[in-house]
Amino acid sequence: MFDFDPHMVMLIAAAAVVTFPTRIGGYILIVKMTRLPPRVEAALNAVPAAVLTTLVAPAFFIGGWDTRVAMLAALLVGLRYPSTYMLVAGWIVVMAWRRSIGA
């Protein structure tokens with residue numbers, strides 16, 4: 001079914017050991033603060049936009065026209081309606097595109 005590679009397991013374990021202190025350290029640091037400095041609060045407020053950009057941008061530039069048109073439709077719907085409608089609009093556009101033109 002799949003090959004067991006002990007080196008890959010060791011790599012995943014090493015990555016977990018290395019990243020865990022940085023993740024828990026940030027949490028502990030913020031919990032210990034009584035008041036967030038304005039710069040830290042501004043940086044934390046920018047995180048959702050940064051994450052969204054890193055997820056959407058590659059798909060937009062690497063994906064086909066069906067993906068691009070669906071993302072643009074979702075963007076337009078998302079400007080006016082809640083996120084559920086945005087997701088449904090994108091899904092409908094990409095499925096209609098693939099059904100009629102093919103992908």
Side-chain angles (χ1 to χ4, degrees):
M1 185 166 158
F2 63 89
D3 295 329
F4 178 76
D5 186 4
H7 293 99
M8 186 61 67
V9 173
M10 288 177 20
L11 177 66
I12 292 170
V17 167
V18 170
T19 60
F20 182 75
T22 59
R23 291 171 184 259
I24 197 72
Y27 173 76
I28 291 171
L29 181 67
I30 287 184
V31 168
K32 297 273 185 197
M33 291 182 174
T34 56
R35 185 177 160 279
L36 289 176
R39 286 184 179 231
V40 172
E41 191 172 346
L44 290 174
N45 287 336
V47 169
V51 170
L52 184 62
T53 302
T54 60
L55 294 174
V56 171
F60 185 82
F61 290 108
I62 294 172
W65 280 104
D66 57 338
T67 304
R68 290 183 185 131
V69 172
M71 285 183 168
L72 290 174
L75 172 70
L76 293 176
V77 170
L79 292 173
R80 176 84 170 106
Y81 298 102
S83 60
T84 304
Y85 294 127
M86 177 184 71
L87 293 172
V88 170
W91 179 78
I92 288 172
V93 169
V94 78
M95 289 298 120
W97 181 290
R98 290 179 181 176
R99 177 89 168 142
S100 63
I101 297 174

Give the cluster check for [X] versus [Y]: same hydrophobic cluster or not, with ILVMFWY residues linked at side-chain heavy-atom distances below 4.5 Å.
| X | Y | answer |
| --- | --- | --- |
| Val9 | Ile12 | no |
| Ile101 | Leu72 | no |
| Ile24 | Ile30 | no |
| Leu11 | Val18 | no |

Where [X] and [Y] come nearest, the two heavy atoms and their spacing:
| X | Y | result |
| --- | --- | --- |
| Ala70 | Gly90 | CB-O, 3.4 Å |
| Met33 | Leu36 | SD-CD2, 3.6 Å |
| Val77 | Ala89 | CG2-CB, 3.6 Å |

What pairs of donor and acceptor atoms, side-chain ones from residues 40-63 against any protein atom, are under 3.5 angstrom apart with sequence neighbours left out?
unit_1	atom_1	unit_2	atom_2	d
Asn45	ND2	Glu41	O	3.2
Thr53	OG1	Ala49	O	2.7
Thr54	OG1	Ala50	O	3.4
Thr54	OG1	Val51	O	2.7

If I take atom [atom1] from residue [X] and atom [atom2] from residue [Y], how far apart are they, to the nearest 0.5 angstrom?
| X | Y | atom1 | atom2 | answer |
| --- | --- | --- | --- | --- |
| Asp66 | Met71 | CG | CE | 10.0 Å |
| Ile92 | Leu87 | CD1 | CG | 11.0 Å |
| Thr67 | Arg98 | OG1 | CZ | 5.5 Å |

